[in-house]
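Beneath this line is the structure, given in structure tokens, with notes to follow.
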Amino acid sequence: MTTRKQRILVLGGGFGGMYTARRLERRLPPAEAEIVLINPENYMLYTPLLPEAAAGTIEPRHVVVPLRQALRRTRVRVGNVTAADLDHRTCTYVTAGGAERQLHWDRLVIALGSVSRMFPVPGLAEHAHGFKTLAEAIYLRNHVLEQLELADAADDPDERSARLGFVVVGAGYAGTELVAELQALVRRALRLYPALRQSDTRWVLADVAPRVLPELGGRLSAAALRVLRQRGVEIRLETTLEQVGPDWVRFSDGEWMPASTIVWTAGVVPDPLVGKLGVATDGHGRIVVDEYLAVPGHEDVFAVGDAAAVPIAGRKGATAPPTAQHALRQAWVCGDNLAATLGHGQPRRFSYAGRGLLVNLSENYGVGVVLGIPVSGLLGWVVTRTYHLLVLPTWTRRMRVGLDWAVAAAFPRDVAELGTLGHPEPLPSLPTRPRAGVDQVRPGPQEGSNGREE
């Protein structure tokens, strides 16, 4: 048993980081361990529901979990980690106010997550939108609704075509769900624009892969493909972007398309800080860990989530995919194994292989695999939503999301464009005029008058 209070530092507040801290709160007595978590925001983002937040089906605030509410004992520090010295057991981070701070730790959990994977496509960084954060989801919804307003006011047919052109690159979970949700939003919103027709819009989902949602297998992948095409979404497989302009894209097959909305969801890579830690990484840049989530050569360091290459026990050479359900189970194992190093419990291996995959395609349609059983259609949609309600971290969030779904089912979608939200206009400046009475500003003594008024 340890006698000195140990400081456990968790880098990252996503699924891996937050649930690891939560597990440690349950496994370790308060008198023996101090848990500190550093994250750029004071909330955890429930990423599987991000497409619905982007489409306005769910209130954006309801897909985040405040860390200070979910973690009762953990000290939350909002800031960006800039360095971590594994030999001297120190971590440097910059607070939201710009101040640099340094923390010493006895145990470290690296759960930094991932960022969008970019490619050297001309114009991509300047003109495309990412889809990884809540801010990007909110911006994207407002941007899409703004394009409808601009298209409605446009007299130039070419401008209107560009405003109503939408391209999503990446036919994985995020991209496929996003194009389905946004198209449903626009289709319903067009009823309020008499000058615009559904046939005026053009939706494209592109991916370099040979099929959409390849993780689901051939049958369900084909079902998703069929549904999207029936709704009017063009699926361009084995195709990516060659160049991006302010209101156009050129695909790798040479076709040029007018579009003012280009969304990039083509995969993720570990946080850039991972490559600066001096630890072994795999071919994808993820931290190599053993079956106990420990970093080889650093017995006091653990890694989980998208930033870690976690082997699956009993499956030689296989590593866990970067999904929320795997990060959650890794966090539980990591918390137990870290607690075991402090004398509480026994270490155990990570052996979770996944219980299923679920994808919501909006409009009461979903596809997925649950315990090896394929589901699709209305049943797939119901199973998908039920799963998310059960997995959401707190009852408060479950109730809020459930009510959002009920409201969305009973009433039309809100199409208010709130692009200026969070960017208020400055107060107007008024000309300065003397005020009568006691507030009248009297001139002071003139220079050279010895302090006396002339």
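Side-chain atoms are counted along with the backbone in the values below, which use heavy atoms only and exclude waters and symmetry mates.
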Nearest 0.5 Å, please: how far is NE2 in His284 from CG in Asp306? 12.5 Å

Using a strict 4.0 Å threshold on nitrogen-to-oxygen distance, state whether Arg385 and Glu52 make a salt bridge. yes

Is it true that Arg202 and Glu255 make a salt bridge, defined as a side-chain N closer than 4.0 Å to a carboxylate O? yes

Would you call the rings of Trp332 and Tyr19 parallel, tilted or perpendicular, where under 30° means parallel and over 60° means perpendicular? perpendicular

Could you tell me if the side chain of Arg188 sits less than 4.5 Å from the side chain of Pro412, heavy atoms only? no

Any sub-3.5 Å donor-acceptor pair from Thr201's side-chain atoms to Ser199's backbone N or O? no

Spatial distance of atom CD (Gln102) from atom CG (Asp85) [nearest 0.5 Å]: 8.5 Å

Taking the side chain as every heavy atom from C-beta outward, state whether Arg197 and Leu190 have any atom pair closer than 4.5 Å. no

How far apart are the closest heavy atoms of Gln147 and Thr261, and which atoms are they? CG-OG1, 3.7 Å

Any chance you could measure Leu241, atom CG, to Met257, atom CE, to the nearest 0.5 Å? 10.5 Å

Closest non-hydrogen atom pair, Leu361 against Ala180: O-CB, 3.4 Å

Do His127 and Trp248 have side-chain heavy atoms sitting under 4.5 Å apart? no

Using the ring centroid of each side chain, check whether Phe166 and Trp203 are separated by less than 6.0 Å. yes

Would Val369 and Val375 satisfy side chain to side chain contact (heavy atoms under 4.5 Å, CB included), going step by step from the backbone distance to the final call? CA-CA 6 Å; Val369 180; Val375 293; over 6 Å; no

Looking only at side chains, do His388 and Tyr46 share a donor and an acceptor under 3.5 Å apart? yes

Quick one: CG on Leu140 to CG on Leu182, what's the gap to the nearest 0.5 Å? 5.0 Å

Inspect the contact between Arg163 and Glu149 and indicate whether a charged nitrogen and a carboxylate oxygen are less than 4.0 angstrom apart. no

Among Arg23, Arg329, Arg26, which one satisfies salt bridge (Lys or Arg N to Asp or Glu O under 4.0 Å) with Asp336? Arg23

Answer whether the closest heavy-atom distance between the side chains of Val204 and Val233 falls below 4.5 Å. no

Does the side chain to side chain contact (heavy atoms under 4.5 Å, CB included) test come out yes or no for Thr319 and Ile312, once each step is laid out? CA-CA 6 Å; Thr319 57; Ile312 301 176; 5.9 Å; no

Side chains of Lys132 and Val268, heavy atoms from C-beta outward: is any pair under 4.5 Å? yes

Under the 3.5 angstrom rule, does the side chain of Arg68 hit a backbone N or O of Asn42 as a donor-acceptor pair? no

Side chain to side chain donor-acceptor pair (under 3.5 Å) between Gln325 and Tyr352: does it pass, once the steps are laid out? CA-CA 9 Å; Gln325 61 172 311; Tyr352 181 77; 2.5 Å; yes

What do the steps show when you test Leu220 against Ser376 for side chain to side chain contact (heavy atoms under 4.5 Å, CB included), and what is the final call? CA-CA 7 Å; Leu220 292 177; Ser376 61; 4.2 Å; yes

Donor-acceptor check, side chain of Asp282 to backbone of Gly285, threshold 3.5 angstrom: yes or no? yes

Check for a donor-acceptor pair, side chain of Thr20 on one end and backbone N or O of Cys334 on the other, with a separation under 3.5 Å. no

Val81 and Cys91 have their tightest heavy-atom pair at CG1-SG, 3.8 Å

Exam field: side chain Thr95 to backbone Ala99, donor-acceptor pair closer than 3.5 Å: yes

In plain terms, say whether Arg141 and Glu136 are close enough for a salt bridge, that is, a side-chain N and a carboxylate O under 4.0 Å apart. no

Measure from the side-chain N and O atoms of Thr176 to the backbone N and O of Ala171, and report whether any donor-acceptor pair falls under 3.5 Å. yes

So do the side chains of Val78 and Pro40 get within less than 4.5 Å of each other, counting heavy atoms only? no

Separation between CZ (Arg117) and OG1 (Thr265), nearest 0.5 Å, reads 10.0 Å

If you count heavy atoms of other groups shown closer than 6.0 angstrom to CE of Met399, is the number above 12? no

Tell me the closest heavy-atom pair linking Val169 and Thr240, and the distance in Å. CG1-OG1, 4.4 Å

Are any of the side-chain heavy atoms of Arg231 and Glu363 separated by less than 4.5 Å? yes

Without swapping roles, check the side chain of Gln330 against the backbone of Gly16 for a donor-acceptor pair under 3.5 Å. no

Hey, are Arg413 and Glu181 close enough for a salt bridge, meaning a charged N less than 4.0 Å from a carboxylate O? yes

Note, Leu378 side chain near Tyr365 side chain (heavy atom, < 4.5 Å): no

Reported CZ-to-CD distance for the pair Phe131 and Glu177, which is rounded to 0.5 angstrom: 8.5 Å

Could you tell me which non-hydrogen atom of Pro393 sits nearest to which non-hydrogen atom of Val65, and how far apart they are? CG-CG2, 3.6 Å

Test Thr239 against Asp207 for side chain to side chain contact (heavy atoms under 4.5 Å, CB included), laying out the working first. CA-CA 5 Å; Thr239 305; Asp207 200 301; over 6 Å; no

Is the shortest side-chain N to carboxylate O distance from Asp253 to Arg236 below 4.0 Å? yes

Just by modelled atom types, is the Tyr292 backbone N or O under 3.5 Å from a matching donor or acceptor in the Asn337 side chain? yes

Taking the inter-plane angle between the rings of Tyr139 and His129 on a 0 to 90° scale, is it parallel (under 30°), tilted (30 to 60°) or perpendicular (over 60°)? tilted

In short, Phe350 meets Val310 closest at the heavy-atom pair CD2-CG1, 3.5 Å

Main-chain N/O of Ile58 paired to Asp404 side chain as donor or acceptor, under 3.5 Å: no

Treating Thr92 as the side-chain partner and Thr82 as the backbone partner, does any N or O pair qualify as donor plus acceptor under 3.5 Å? no

